[in-house]
Amino acid sequence: MQSLLGAPGALPVGRWPAAWLALKDRRPLPSRPLVLWTYAGLGEDLVGAPDEARRRVIVRMLTELRHPAGTHVFWPFSLAGEGLSPEASLFWSGVTLLDPRVILLFGSDTRDALGMPKSLLPFCQERAHGRLIVQLPRPQALAADESAFRQAQAFLARMLSFCAKR
């Protein structure tokens, strides 16, 4: 297992592939986001064919959190059409660039693709790579179950209450 102190395999921006540089430059990134969100399919949602159910549930979560603009940022661990494993270093490169305090991982597939411990289960947290890593259910599961959505929303509201004081 990789060291839990620093971002594993993070690359300087100048060594990023063109597709990842295009994602970084696509729109202005927040200068100091506190929370970074990632999930399987985020790369497709950002640069490919977005999934409407995922988009709706994520937008609803953000809206209900009511945090100031620039608090949250989305960074994929893979891009549309690319494999999962080789992209983990580019995910951590983005984390290094954006420097969030908290990383939200939606789904065990995300956890596994990023090499996080299998003990990291939904609604659990662990400090790794200098960040607080929080595991949540997949967006599709939250979209399909109102009770699960409410549970996740209440958990995030408590966990991220420091963001409202920004």
Side-chain angles (χ1 to χ4, degrees), residues 4-5 7-8 10 23-24 26-48 50-79 84 87-88 90-166:
L4 296 182
L5 298 176
L23 175 65
K24 179 186 89 53
R26 187 170 153 225
R27 65 179 81 161
L29 294 169
S31 60
R32 289 286 300 155
L34 295 175
V35 183
L36 184 144
W37 301 49
T38 196
Y39 54 84
L42 176 57
E44 294 167 4
D45 289 351
L46 293 174
V47 298
D51 179 275
E52 194 56 33
R54 276 193 307 247
R55 188 193 69 75
R56 274 195 308 273
V57 77
I58 296 296
V59 167
R60 182 177 170 203
M61 291 184 99
L62 282 170
T63 301
E64 291 186 19
L65 285 171
R66 296 185 185 102
H67 293 155
T71 301
H72 301 270
V73 67
F74 291 83
W75 192 254
F77 62 87
S78 68
L79 292 180
L84 301 182
E87 305 306 328
L90 291 160
F91 171 79
W92 292 111
S93 298
V95 168
T96 299
L97 175 73
L98 295 162
D99 196 26
R101 286 175 52 183
V102 177
I103 298 174
L104 302 179
L105 305 179
F106 288 83
S108 58
D109 47 352
T110 301
R111 175 200 67 206
D112 296 346
L114 294 172
M116 295 284 102
K118 298 227 185 262
S119 59
L120 190 59
L121 300 171
F123 305 106
C124 291
Q125 59 188 347
E126 187 165 317
R127 189 149 290 284
H129 309 300
R131 321 261 178 231
L132 181 63
I133 310 290
V134 178
Q135 176 73 43
L136 292 156
R138 297 180 74 213
Q140 297 87 326
L142 300 175
D145 183 345
E146 181 64 21
S147 175
F149 176 87
R150 286 272 143 237
Q151 182 183 11
Q153 190 66 27
F155 175 80
L156 281 179
R158 282 188 310 276
M159 167 82 45
L160 302 177
S161 61
F162 70 94
C163 293
K165 302 171 182 121
R166 192 166 187 190

Show the numbers, then the answer: is there a side chain to side chain contact (heavy atoms under 4.5 Å, CB included) between Met159 and Gln125?
CA-CA 10 Å; Met159 167 82 45; Gln125 59 188 347; 3.0 Å; yes
Taking the six-membered ring for Trp, are Trp37 and His72 parallel (under 30°), tilted (30 to 60°) or perpendicular (over 60°)?
perpendicular
Run Leu29 and Val73 through side chain to side chain contact (heavy atoms under 4.5 Å, CB included) and show every step you take.
CA-CA 7 Å; Leu29 294 169; Val73 67; 4.1 Å; yes
Strictly distance-based, threshold 3.5 Å: is any side-chain N or O of Trp75 a donor or acceptor partner for the main-chain N or O of Leu42?
no
Nearest atoms (heavy-atom pairs only) where Pro30 meets Gly70:
CB-O, 3.5 Å
Between Ile103 and Leu132, is there a side-chain heavy-atom distance shorter than 4.5 Å?
no
Over all heavy atoms of both residues, which pair between Ala143 and Ala53 is shortest? Give the atoms and the distance, please.
CB-O, 4.1 Å
Please name all residues satisfying salt bridge (charged side-chain N to carboxylate O under 4.0 Å, His left out) with Asp112, sequence neighbours left out, ordered by chain then number.
Lys118
Can Trp92 and His129 be counted as having a side-chain donor-acceptor contact under 3.5 angstrom?
no
Step-by-step side chain to side chain contact (heavy atoms under 4.5 Å, CB included) determination, Met61 to Leu142:
CA-CA 10 Å; Met61 291 184 99; Leu142 300 175; 4.1 Å; yes
Across all chains, not counting sequence neighbours, the salt bridge (charged side-chain N to carboxylate O under 4.0 Å, His left out) partners of Arg138 are Asp109
When Leu65, Val35, Leu62 are each screened for side-chain contact (heavy atoms from CB on, under 4.5 Å) with Leu156, the one that passes is Leu65
State, yes or no, whether a side-chain contact exists between Thr110 and Phe91 at a heavy-atom distance under 4.5 Å.
no
Between Glu44 and Asp51, is there a side-chain heavy-atom distance shorter than 4.5 Å?
no
Got a second to check how far Ser93's OG is from Lys24's NZ, nearest 0.5 Å?
12.0 Å
How about Phe123 and Val134: do any of their side-chain heavy atoms sit closer than 4.5 Å?
no
Quick check: closest heavy atoms across Pro139 and Tyr39, and the distance to 0.1 Å?
CG-CG, 3.8 Å
Any side-chain heavy-atom pair of Val102 and Leu34 under 4.5 Å
no
Is Arg55 salt-bridged to Asp45, going by a charged N under 4.0 Å from an acidic O?
no
Any chance CZ of Arg26 has more than 12 other-residue heavy atoms, nucleotides or ligands included, within less than 6.0 Å?
yes
Which pair of non-hydrogen atoms, one from Gly43 and one from Pro76, has the smallest distance, and what is that distance?
N-CB, 3.6 Å
Closest non-hydrogen atom pair, Phe74 against Leu46:
O-CD1, 4.4 Å
Does the ring of Phe162 carry Arg101 above it, NZ/CZ under 6.0 angstrom from centre and within 45° of its axis?
yes
Are the side chains of Thr38 and Leu105 in contact, using a 4.5 Å heavy-atom criterion?
yes
Calculate, to the nearest 0.5 Å, the distance between atoms CG and OG belonging to Leu114 and Ser78 respectively.
9.0 Å
Close side-chain approach of Ile133 to Leu120, heavy-atom, < 4.5 Å
yes
Gln140 side chain to Arg54 backbone, donor-acceptor under 3.5 Å:
no
Between Arg150 and Glu64, is a side chain to side chain contact (heavy atoms under 4.5 Å, CB included) present by the stated rule, with each step listed?
CA-CA 10 Å; Arg150 286 272 143 237; Glu64 291 186 19; 3.1 Å; yes
Counting only N and O atoms by type, is there a donor-acceptor contact under 3.5 Å from the side chain of Thr71 to the main-chain atoms of Cys163?
no
Taking Gly107's backbone N and O only, do any of them form a donor-acceptor pair with Gln135's side chain (distance below 3.5 Å, no angle check)?
yes
Closer than 4.0 angstrom, basic N to acidic O: yes or no for Arg131 and Glu126?
no
